[in-house]
There are 2 protein chains.
Amino acid sequence: MPNISQRGQIMPPSPIRKLVPFAEAAKKKGVTVYHLNIGQPDIETPQPVLDAVRNSHFKVLEYSHSAGNESYRRKLTTYYDRFGIQVDYNQIIVTTGGSEAIIFGFMACLDPGDEVIIPEPFYANYNGFAVEAEVKVVPVTSGIESGFALPPIADFEKKITPKTKAILICNPNNPTGYLYSPEELNVLRDICKKHNLFLFSDEAYREFAYDGTTLSALQLEGLEDNVVVFDTISKRYSACGGRIGALVTRNKTLLDSVMKFAQARLSPPSFAQIAAEAAVDLPEDYFDGIKAEYKSRRDLLVKRLNGIPGVFCPNPGGAFYAMAKLPIDDADKFCQWLLEDFSVDQQTVMLSPGTGFYATPGLGKQEVRLAYVLNLEAIDKAMTALTKALEVYPGRR
Amino acid sequence: MPNISQRGQIMPPSPIRKLVPFAEAAKKKGVTVYHLNIGQPDIETPQPVLDAVRNSHFKVLEYSHSAGNESYRRKLTTYYDRFGIQVDYNQIIVTTGGSEAIIFGFMACLDPGDEVIIPEPFYANYNGFAVEAEVKVVPVTSGIESGFALPPIADFEKKITPKTKAILICNPNNPTGYLYSPEELNVLRDICKKHNLFLFSDEAYREFAYDGTTLSALQLEGLEDNVVVFDTISKRYSACGGRIGALVTRNKTLLDSVMKFAQARLSPPSFAQIAAEAAVDLPEDYFDGIKAEYKSRRDLLVKRLNGIPGVFCPNPGGAFYAMAKLPIDDADKFCQWLLEDFSVDQQTVMLSPGTGFYATPGLGKQEVRLAYVLNLEAIDKAMTALTKALEVYPGRR
């Protein structure tokens with residue numbers, strides 16, 4: 001029997017999905033599990049977005065252009081324009097989810113052994129994409145005490161080596177919910193200029209900014225050839241299953257290279273491109289309702305968390321995640337215990353252990369990520385269950 | 001300005017798409033271009049397949065399971081069963097097109113520097129996936145004179161080194177249309193057993209076998225842990241834009257590894273999984289009509305080609321491609337000339353130069369690939385144009 005590859009062995013499993021069997025077992029016992037562990041919104045996909053697909057009339061489900069339908073890319077420029085981001089349609093390559101945009105960016109910008117600096121905690125799947133591209137993730141730690149603000153410039157510069165080729169941020173941030181300020185982005189711009197680095201900016205949660213607005217890395221002046229934005233319709237329109245994202249850059253050499261990767265896999269999904277194109281035409285007030293809903297969820301979640309003795313949760317400015325510090329020995333143990341050994345009134349809560357979001361060993365052991373993708377009533381019940389759980393958890397500190 | 005990666009530089013452009021600007025220019029001049037260059041079928045996607053999506057009622061376009069919807073995977077086992085292939089639903093991982101199945105297979109089985117032997121001519125995008133996974137493609141040449149039969153076992157063994165980890169075949173073959181016999185597959189089985197190699201089998205064209213049936217590599221006894229099948233609904237149901245494929249293997253260690261790659265990219269497209277599941281329920285005689293149509297196209301194409309002085313086209317047993325040897329100096333020049341400098345009655349034909357399908361430099365210079373994805377009338381007109389073109393082409397030999 002032939003051996004699988006080293007790469008196939010070291011590829012990290014999803015730190016979130018490893019708890020799924022315990023959640024399934026809990027449900028079999030009749031326990032209600034409040035899923036605050038995963039970024040799958042409960043918000044309905046807008047009807048016009050689904051209707052665009054359901055009312056389509058084509059006869060052949062053909063390959064699209066490898067860069068995505070031109071009509072969709074042209075329409076996307078109007079979407080970006082609303083945020084003050086001027087891009088040409090041929091500076092957009094439509095990808096199969098934001099995931100593929102990240103892979104294309106890594107592949108086309110970084111060689112095996114190259115280093116990418118990422119403020120931690122960060123989206124766990126960046127590790128997987130780094131393994132696929134054989135690049136090294138170098139973390140710069142941001143702390144919960146400062147609300148996960150951008151680490152000081154000196155921390156970045158300490159990590160820069162001749163192998164450093166890029167900095168990757170997620171703004172607003174998954175998992176911290178942190179919204180980077182214009183000042184912080186200017187710091188990043190200066191570092192990237194000085195050290196000739198790519199700035200990868202994952203802007204999946206652009207609209208989800210509650211206490212300000214998201215400044216896109218594409219708006220940083222003088223950094224046109226360095227900035228690569230990873231984008232997706234998944235969270236924006238509650239359309240995670242569409243698998244439509246985009247890589248956006250003004251760097252022509254990079255665009256030409258990414259197109260070769262795009263051609264090799266032929267095209268992004270055709271059905272969901274129709275949905276995505278319709279989504280750009282949603283009324284401008286569409287996000288007002290969505291944002292108000294998420295903001296009230298955030299407010300409730302953060303208030304409830306900070307009301308539990310020994311718990312600290314900085315107020316996240318964006319996305320739909322919060323990281324909280326809990327009075328516990330080990331987040332992985334605690335999250336498993338919640339599913340395996342705990343319930344109150346036949347209810348419990350599923351959280352993501354903080355450890356999965358840090359590259360530095362040992363960090364995040366007292367932290368959990370909570371995705372506020374459930375309605376207010378469910379969040380309230382989940383917080384009641386968590387309060388009770390922390391009272392009785394044997395590993396409480 | 002930061003440099004893109006070496007990988008991003010050496011990534012091969014699509015050898016087929018490079019001629020597109022010349023085709024566009026021809027059309028602007030009012031010339032009708034018969035597209036025999038690309039495997040985009042003109043056959044309509046079956047109505048029940050499209051209707052399944054159009055009549056769907058879900059409210060949230062959610063992520064699916066990373067391995068694909070369980071209902072679809074379970075149904076796929078009945079599809080495979082019809083071919084005498086027994087697989088369990090958890091031996092199937094649904095992918096974003098056959099392309100992603102190939103990438104996952106390469107990533108999980110092969111490390112950078114490992115070698116994969118592929119009979120040439122082969123599907124050009126294998127080169128791109130090899131660059132992404134940093135693996136080396138080692139070609140074994142099959143000749144047009146033998147109709148592109150499997151090269152002798154000695155040719156394979158000459159190429160095997162300590163770095164060889166896999167053999168990759170496409171059956172029925174793109175670009176040659178060759179349908180491997182059970183005897184040839186048994187030869188491959190023996191080589192893979194003896195040298196402990198993975199056998200990757202791209203079976204995108206399984207149903208398109210005109211003079212026999214396709215034996216799946218999954219049916220080779222004693223090779224259960226070595227065989228990895230790459231599959232796709234694209235050609236089977238004229239559903240290229242769905243981007244639904246599958247990786248199928250009975251190797252449990254490999255499945256566990258591939259699942260980690262699948263989890264990193266979250267899920268395959270949700271809309272098209274609905275279409276794909278409906279496709280399995282098409283009446284059993286669905287393919288009879290499709291196959292009869294393609295067979296009559298093949299018969300006409302091959303007859304017309306062999307009727308042109310100096311042209312030789314072996315009869316392809318499957319898929320919807322034929323490779324033909326033409327009395328020309330250089331296939332790339334000829335294919336460009338057809339679009340740029342030739343037309344008869346305002347018509348010309350677009351072909352794929354053979355060179356793009358060979359890894360060995362210099363091979364394929366007198367060969368072209370023709371995809372018979374147009375109706376009989378169009379094929380007939382295209383062959384009339386090609387006949388005339390070969391009479392007047394200045395580089396005729």
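Side chains included, hydrogens not; waters and symmetry mates left out as well; all remaining heavy atoms used. A note on names: the letters A, B, ... follow the listed sequences, proteins ahead of strands, and every chain is numbered from 1.
Of the listed residues Thr253(B), Asp42(B), Asn226(B), Leu266(B), the one with more heavy-atom pairs under 4.5 angstrom with chain A than any other is Leu266(B). Counting heavy-atom pairs under 4.5 Å between each of Thr96(B), Leu254(B), Leu110(B) and chain A puts Leu110(B) at the top. Of the listed residues Ala275(B), Ala108(B), Ser267(B), Ser257(B), the one with more heavy-atom pairs under 4.5 angstrom with chain A than any other is Ala108(B). Taking Gly128(B), Ala272(B), Pro112(B), Gly97(B) one by one and counting their heavy-atom pairs under 4.5 Å with chain A, the maximum is reached by Pro112(B). Heavy-atom pairs under 4.5 Å with chain A were tallied for Arg7(B), Met1(B), Arg265(B); the largest tally goes to Arg7(B). Taking chain B as the reference chain and counting heavy-atom pairs below 4.5 Å, the highest number among Ser270(A), Ala166(A), Ala264(A), Ser238(A) is found for Ala264(A). Most heavy-atom pairs under 4.5 Å with chain A: of the set Pro46(B), Pro12(B), Pro13(B), this distinction falls to Pro13(B). When each of Ser56(A), Cys192(A), Ser234(A) is scored by its heavy-atom pairs under 4.5 Å with chain B, the top score falls to Ser56(A). Ranked by heavy-atom pairs shorter than 4.5 Å toward chain B, the options Met259(A), Gln263(A), Gln273(A), Met11(A) are led by Met11(A).
For Asn251(B), the part lying near chain A is the side chain, with the backbone staying farther off; criterion is any non-hydrogen pair under 4.5 Å. Heavy atoms closer than 4.5 Å to chain A are found in both the backbone and the side chain of Arg54(B). For Ile38(B), no part sits under 4.5 Å from any heavy atom of chain A, backbone or side chain. Only the side chain of Tyr123(B) comes within contact range of chain A, with at least one heavy atom under 4.5 Å from a heavy atom of that chain. Phe58(B) touches chain A through backbone and side chain together, each having a heavy atom under 4.5 Å away. Within the 4.5 angstrom heavy-atom criterion, no atom of Ala124(B) approaches chain A. With a threshold of 4.5 angstrom between heavy atoms, Leu197(B) approaches chain A through N, CA, C or O but not through any side-chain atom. Proximity to chain A (any heavy atom under 4.5 Å) is shown, for Lys193(B), by neither the backbone nor the side chain. Looking at Pro41(B), only its backbone comes within 4.5 Å of chain A, counting heavy atoms on both sides. In this structure, no portion of Glu224(B) lies under 4.5 Å from any heavy atom of chain A. Looking at Phe198(A), the atoms closer than 4.5 Å to chain B (heavy atoms on both sides) sit in the backbone and in the side chain alike. For a residue to count as touching a neighbouring chain, one of its non-hydrogen atoms must lie under 4.5 Å from one of that chain's; by this rule Ile102(A) does not touch chain B. Contact annotation for Gln9(A): only backbone heavy atoms (N, CA, C, O) come within less than 4.5 Å of a heavy atom of chain B. If you measure heavy-atom distances from Ser99(B) to chain A, the contacts under 4.5 Å come from the side chain alone.
Taking each heavy atom of Val53(B) and Ile274(B) in turn, the nearest pair found is N-CG2, 4.1 Å. Scanning all heavy atoms of the two residues, the minimum distance from Gly8(B) to Phe261(A) falls at CA-CE1, 3.9 Å. Nearest heavy-atom pair across Ala217(B) and Ser201(B) is CB-CB, 3.5 Å. Taking both residues in full, the closest heavy atoms of Thr232(B) and Gly98(B) are given as CB-N, 3.8 Å, listed atom of the first, atom of the second, then distance. Of all heavy-atom pairs spanning Ser64(A) and Pro268(A), the tightest one is OG-CD, 3.5 Å. Shown here for Ile244(A) and Ala276(A), the closest heavy-atom pair between the two residues is CG2-CB, 4.0 Å.
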- Any chance you could lay out the side chain to side chain contact (heavy atoms under 4.5 Å, CB included) test for Ile290(A) and Ile43(A), step after step, and finish with the verdict? CA-CA 8 Å; Ile290(A) 303 291; Ile43(A) 305 275; 3.7 Å; yes
- Dump the intermediate steps for side chain to side chain contact (heavy atoms under 4.5 Å, CB included) on Cys240(A) and Gln40(A), then the final yes or no. CA-CA 7 Å; Cys240(A) 299; Gln40(A) 167 62 59; 3.8 Å; yes
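Looking only at side-chain heavy atoms (C-beta outward), Asn127(A) and Phe122(A) come within less than 4.5 Å of each other. Residues Cys109(A) and Pro2(B) have side chains not in contact (no heavy-atom distance under 4.5 Å, counting atoms from C-beta outward). For the pair Asp114(B) and Lys136(B), the minimum side-chain heavy-atom distance is 4.5 Å or more.
For Lys165(B) and Asp111(B), the salt-bridge test fails: no basic side-chain N is under 4.0 Å from an acidic carboxylate O. Between Asp256(B) and Lys252(B), at least one side-chain N (NZ, or NE/NH1/NH2) sits under 4.0 Å from a carboxylate O, which counts as a salt bridge.
With ring centers used as reference points, Phe200(B) lies under 6.0 Å from Phe106(B).
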